[in-house]
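First the structure, in the form of structure tokens, and then the observations on it.
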2 protein chains.
Amino acid sequence: MNPTKTADSRREQILREAARLFAERGFHGVGVDEIGAAVGISGPGLYRHFAGKDAMLAELLVGISGRLLTAGKMRVAEAAGPAEALDALIRGHIDFAIDDRPLITLHDRELDRLRDSDRKLVRQLQRQYVEEWVAVVRQVHPAAGESEVRAAVHAVFGLLNSTPHIGERGGLPGRTVMAALLHRLALGALDALDGLDSTGNWRVTY
Amino acid sequence: MNPTKTADSRREQILREAARLFAERGFHGVGVDEIGAAVGISGPGLYRHFAGKDAMLAELLVGISGRLLTAGKMRVAEAAGPAEALDALIRGHIDFAIDDRPLITLHDRELDRLRDSDRKLVRQLQRQYVEEWVAVVRQVHPAAGESEVRAAVHAVFGLLNSTPHIGERGGLPGRTVMAALLHRLALGALDALDGLDSTGNWRVTY
DNA sequence: TCATCACGTTAACGCTCGCTAACATCCGGG
DNA sequence: CCCGGATGTTAGCGAGCGTTAACGTGATGA
């Protein structure tokens with residue numbers, strides 16, 4: 001009665017390959033035949049699993065936005081204090097950025113290819129995720145103004161999401177080293193908020 | 001004899017609108033008719049100025065890569081010391097990110113839509129720009145290893161390029177405040193390159 | 001005056017692509 | 001044994017898009 005097992009594995013296989021291809025060549029740059037070929041079936045066979053190409057992108061983007069948000073909320077709830085919450089948020093985001101590289105790429109690249117309702121949903125999830133970060137960062141750096149913190153959070157997202165832009169070439173740090181590096185860079189960037197007052201002006205201390 | 005005046009203004013108008021549209025909806029998501037309409041002519045009239053749609057993208061990407069590189073080199077050459085050079089690099093990149101928002105977006109989004117030769121050229125210019133940064137950052141933070149610095153530079157690019165991802169909504173800092181904020185965030189992130197061994201386990205070995 | 005050139009126009013071609021239609025195959029349960 | 005559903009296949013339609021062709025038109029200058 002419930003065919004979720006095998007059917008979902010097929011669906012998920014398609015989604016995984018579609019995410020990779022979309023991230024590599026863009027949503028419009030990939031044809032359904034290519035996606036089909038990537039999972040061993042060809043072209044229109046995909047329509048047994050998805051209503052259309054748009055539906056795949058929608059499911060991918062809604063999925064990752066939701067997972068980022070729920071994981072973030074869970075980590076914050078489990079944290080002992082604000083600093084630990086921020087640590088956990090950063091660590092979680094890095095895991096996403098490194099392990100789900102194609103999805104992160106899609107997430108801030110192809111959002112506007114969605115139907116209005118889906119795009120609204122994704123935007124709402126994204127916004128909640130940002131607010132989760134903003135609340136935590138404001139507790140750790142109470143001197144900074146809200147709009148500066150929000151901009152800083154976006155900037156840190158850009159920093160953490162930079163891994164997809166780096167080629168896989170040999171001269172780069174491995175996963176563990178890279179994760180630790182990004183973690184420290186993010187914390188260092190946010191530490192710079194302590195010198196700012198609520199108007200964004202540099203508070204002169206020297 | 002030299003028709004650069006009016007011809008170039010038309011060409012540049014087309015390039016500006018094409019950059020905006022490409023950044024908004026992606027290279028494949030914009031039709032030549034739309035680009036033409038954006039400058040008041042329609043469709044194939046563009047072919048009086050460009051060999052094709054690809055040529056517009058190529059000129060945009062080669063142009064911005066080259067301008068970033070030459071501006072960076074000039075700023076470094078004029079700087080009094082490493083710290084001032086880093087300051088100037090950051091300031092210059094922020095100017096690009098804020099003022100040429102569509103181009104920055106294109107720059108790390110549509111690179112693979114180029115012909116092989118153009119893509120190679122853009123990649124080479126990008127790499128030289130990165131190396132310019134790496135050399136300066138290594139002087140300011142000599143304790144960090146080269147591959148970590150390179151990854152950190154990419155991460156800082158992600159941070160500085162985050163402005164395009166932020167909506168134009170009202171609750172955000174204005175240009176001046178935003179530029180100052182990004183500047184401090186970038187410096188703060190790079191400061192984290194010092195004292196990396198405080199966590200013990202991942203000091204440079206390569 | 002009139003050839004020339006810069007700069008546009010519209011019509012149409014050819015190709016790609018998303019998607020549907022119609023048909024095949026396997027497979028579990030009455 | 002056979003019905004029916006799940007899951008593919010290939011053929012083909014229809015729309016959109018980049019590009020070319022053929023033509024118009026107004027300014028320029030010998």
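Here is the naming used below: chain letters follow the sequence lines, and residue numbers restart at 1 for every chain.
Residue A/Arg10 places at least one side-chain N or O under 4.0 Å from the OP1 or OP2 atom of D/dG8. Under 4.0 angstrom from either OP1 or OP2 of D/dG16 there lies no side-chain N or O belonging to A/His28. In this model, the phosphate group of C/dA6 is not approached by any side-chain N or O of B/His49 to a distance below 4.0 Å at OP1 or OP2.
Between the side chains of B/Gln126 and B/Arg123, no donor-acceptor pair is found at a separation under 3.5 Å.
Going from atom CG of A/Asp33 over to atom P of C/dC19 covers 12 Å, rounded to whole Å. At whole-Å resolution of the value, CG in A/Leu21 and P in C/dG18 are 12 Å apart. Taking atom CZ of residue B/Arg48 and atom C1' of nucleotide D/dT25, one finds them 12 Å apart after rounding to whole Å. Rounded to a whole Å, the NZ atom of A/Lys53 is 13 Å from the C1' atom of D/dG16. When rounded to the nearest whole Å, the span between CZ of B/Phe50 and P of D/dT19 equals 13 Å. Rounded to whole Å, the distance from CZ on A/Phe22 to C1' on C/dC17 is 13 Å. Rounded to an integer number of Å, the gap from CG of A/Asp54 to P of C/dC19 is 6 Å. One interatomic measurement links the two molecules: CZ of A/Arg11 to P of D/dG8, which rounds to 13 Å at whole-angstrom precision.
Between A/Glu24 and A/Arg20 there is a salt bridge, since at least one side-chain N of the basic residue sits less than 4.0 Å from a carboxylate O of the acidic one. Salt-bridge annotation for B/Glu132 and B/Lys73: absent, with no side-chain N of the basic residue lying under 4.0 Å from a carboxylate O of the acidic one.
Of the candidates D/dG8, D/dG18, C/dT20, C/dT20 carries the atom nearest the A/Pro44 side chain, counting heavy atoms from C-beta on. Residue A/Tyr47 has its side chain nearest to C/dG18 when only C/dG8, D/dT19, C/dG18 are considered.
Using a 4.0 Å heavy-atom distance criterion, B/Val30 is classed as a sugar-phosphate-only contact. Among the protein residues, B/Gly45 comes within range of the nucleic acid bases, having at least one heavy atom under 4.0 Å from a base atom.
Between B/Trp133 and B/His93, the angle of the ring planes goes over 60°, which puts this pair in the perpendicular group of the 30/60° scheme.
For the pair B/Arg67 and B/Phe96, the NZ or CZ position fails the cation-pi test of under 6.0 Å to the six-membered ring centre and within 45 degrees of the ring normal.
Between A/Gly43 and B/Leu46, it is B/Leu46 whose nearest contact on DNA chain C lies nearer the 5' terminus.
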